[in-house]
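Everything on this sheet refers to the single structure shown next.
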Amino acid sequence: MTIQAQKGTKDILPGDSQKWQFMEETAKEVFSNANYQEIRTPIFEATELFSRGVGTTTDIVNKEMYTFIQKERSITLRPENTAGVVRAFIENGMHRLSAPVKLWYHGPMFRYERPQAGRQRQFHQVGLELFGIEGPIADAEAIAMAIEYLKKLGLPDLSLEINSLGCPKCRTAYRDRLKEVISKNIDQFCENCRSRLDKNPLRILDCKVPQCQELLADKEIQDVINSDFICEECSDHFEKLKEYLDAMGVKYSINKLLVRGLDYYNRTVFEIKSNSLGSQNAVCGGGRYDALTELLGGQPTYSVGWAMGMERLLSLINYDVKDYLDVFVVSSSAKEAFLLAQYLREHGFKSDFDMNCKNFKKQFEKASKLNAKYAFVLGEDEINNSTVTVKNLSTTEQKIIKRDDMLNFLNQV
RNA sequence: GCGGGUGUCGCCAAGCGGUUAAGGCCUCGGAUUGUGGUUCCGAUAUUCGUGGGUUCGAAUCCCAUCAUCCGCCCCA
């Protein structure tokens, strides 16, 4: 047996790699245009960073981490990047920078799961974090960045859902009430939900088991869900966020069941979904996580951010990013062709030639296949006369020009 | 962790107990030796994921194993 790529990992081959470059370049363009700066953090971190930062009740920490022991240290391949960015923020004293601190990143993440459509063990995320602003204007900008990015990728028709989880104060009261009404019939809920009751009762709300959904339809439970449990400050924050979104013309729907799997969120949470992705349909997820920095040992810092799954974006990009060549050099001499192509490359023209130096027919064939705009023919005559025959491969017109005029010619067309 | 599907050339595949294991794409060679994108001709799997078994005979049936895909849980 030959060696294969590991389960849940994929090679990104030419054909797709152009799309990846497009996603990365577009991210840089959109985010730096709004004055976000790129941060690159290590791919592995101390395991404790994730168990504390992501939360011990989450699936990520409980069953999906790539953890290994090295020299008695427990190391984990990052399953997401917010914890790492916050660690870097604290470690590098970035709270002393003028707020807001606006960062973006992209790179591989690792989660030990059964692969399926839209889910791999090594996958890639592009994300953004905004630190130091308490007001909902920060949430609004973060969301606007996500929307703008998707628009620039040519994916404008995705649906945005938002919700507010409240703050620790009001959420605790809400959680207790929810726990109270759900626990009346808790023995009828699924096994998962029964264990969630104590650890994270909010997660019961988006359980997919039909039986649980039916139980949740209970009037008493619905009354609690629909009650405006969040305190005045949180409610005010949420209302203002909606005002900002309305003012920007961003469409959204409110999903009271949206709680998200990570422990660190408070107030705003949001998700962007696609209808054409199969069952793994979340393209973007994020929210506000004001308590995380302090939890990880830093100064209390208001924070909001999101991450998108790049593989999922990729499968939504259904147009080709086409490759082309400015010039393909056709010659009877591989050496002459090489030198000319190299000269053109040095002057910024995308050029190639045939290293096998077959007959002209083959070389022209190759020029067409590579989508070259021009063929520069360099036969014996041209070499002796310091000229080059230029053929426009789409019109088939050709003419002889002096070598000295090549760059002028290319600059003019 | 659980459930289902699939495994024949680099890719897409036909074949369903006895065939020299179709076909298409890609690749390579050729159709007067300096001209392409169209066309035509030709080449490329002793072998059907792997290991056993049944049979006179297996890619085709059975068992095991591995890989992969899809779904559940959950998420990007």
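Labels below follow one simple rule: chain letters A, B, ... track the order of the sequence lines, proteins then strands, and each chain is numbered from 1.
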Euclidean distance for P, B:rG24 against B:rC40 (whole angstrom): 11 Å

Distance between C1' atoms of B:rG49 and B:rU6 (Å, rounded): 11 Å

Whole-angstrom distance between B:rG23 and B:rA14, as gauged at atom C1': 7 Å

Touch class at under 4.0 angstrom, heavy-atom based, for A:Q120 against every strand present: base

Aromatic contact, A:F409 with A:Y374 (centres under 6.0 Å): yes

Proximal nucleotide (of B:rA76, B:rC72, B:rA31) relative to the A:Q116 side chain: B:rC72

Donor/acceptor link under 3.5 angstrom from A:K391 side chain onto base of B:rU35: yes

Rounded distance (Å) that lies between atom C1' of B:rG34 and atom CG of A:D381: 9 Å

Side chain of A:P115 - closest among B:rC69, B:rG34, B:rG36: B:rC69

Nearest-nucleotide pick for A:Q125, side chain only, options being B:rG34, B:rA76, B:rG36: B:rA76

A:T396, nearest nucleotide to its side chain (from B:rG36, B:rG29, B:rU35): B:rG36

Interatomic distance where CD belongs to A:E336 and C1' belongs to B:rG34 [whole Å]: 16 Å

Gap in Å between the two P atoms, one belonging to B:rG51 and one to B:rC56, rounded: 23 Å

Spacing of A:K63 atom NZ relative to B:rG1 atom C1', expressed in whole Å: 8 Å

Any N/O donor-acceptor pair, A:E382 side-chain to B:rG34 base, under 3.5 Å: yes

Salt-bridge contact A:K242-A:D246 (side-chain N to carboxylate O under 4.0 Å): no

Position toward the 5' end of RNA chain B (nearest nucleotide), A:E80 or A:L393: A:L393

Sugar-phosphate, base or nothing in reach of A:V377, heavy atoms under 4.0 Å: base

Nearest-angstrom distance from the residue atom CG of A:L158 to P of B:rA76: 16 Å

Nearest listed nucleotide, side chain of A:K369, among B:rU27, B:rG34, B:rG36: B:rU27

Side chain to side chain contact (heavy atoms under 4.5 Å, CB included) between A:D323 and A:K350, intermediate numbers included: CA-CA 11 Å; A:D323 260 339; A:K350 195 170 168 183; 3.7 Å; yes

Touch class at under 4.0 angstrom, heavy-atom based, for A:E311 against every strand present: nothing

Sugar-phosphate only, base, or nothing, as touched by A:S332 at under 4.0 Å among non-hydrogen atoms: nothing

Atom pair distance, as rounded to whole Å: NE2 in A:H106 and P in B:rA76: 19 Å

Euclidean distance for C1', B:rU44 against B:rU20 (whole angstrom): 16 Å

Check: A:E113 side chain, B:rA76 base, donor-acceptor under 3.5 Å: yes

Neighbour count above 12 (heavy atom, 6.0 Å) for A:Q6 CD: no

Sugar-phosphate only, base, or nothing, as touched by A:G118 at under 4.0 Å among non-hydrogen atoms: base

Residues A:Q342 and A:R345: side-chain donor-acceptor under 3.5 angstrom: yes

Greater than 12 external heavy atoms within 6.0 Å of A:F123's CZ: yes

Whichever of A:K10 and A:R111 has its nearest RNA chain B nucleotide further upstream toward 5': A:K10

Aromatic A:Y112 / basic A:R121 pairing, under 6.0 angstrom, 45° off normal: yes

For B:rA45, the Watson-Crick or wobble partner whose two distances fall under 3.5 Å: none

Pairwise P distance for B:rC72 and B:rC9, with rounding to whole Å: 31 Å

Which nucleotide in B:rC70, B:rA76, B:rG37 has an atom nearest any side-chain atom of A:A117: B:rC70

B:rU35 pyrimidine/purine six-ring stacking with A:F364, under 5.5 Å and 30°: yes

Nearest listed nucleotide, side chain of A:K7, among B:rU68, B:rC73, B:rG30: B:rU68

Spacing of A:E365 atom CD relative to B:rG37 atom C1', expressed in whole Å: 9 Å

For B:rG1, the Watson-Crick or wobble counterpart (both distances under 3.5 Å): B:rC72

Donor/acceptor link under 3.5 angstrom from A:Q363 side chain onto base of B:rU35: no

A:I254 side chain near A:I162 side chain, heavy-atom distance below 4.5 Å: yes

N/O donor-acceptor pair, side chain A:S368 with base B:rG36, under 3.5 angstrom: yes

Spacing between A:Q398 atom CD and B:rG36 atom P, to the nearest angstrom: 11 Å

C1' atoms of B:rU46 and B:rA58, separation to the nearest Å: 16 Å

B:rA64 and B:rG4, which share atom name P, separated by this distance in whole Å: 13 Å

Integer-rounded Å distance: B:rG3 C1' and A:R114 CZ: 9 Å

B:rA67 - base-pair partner by Watson-Crick or wobble geometry, distances under 3.5 Å: B:rU6

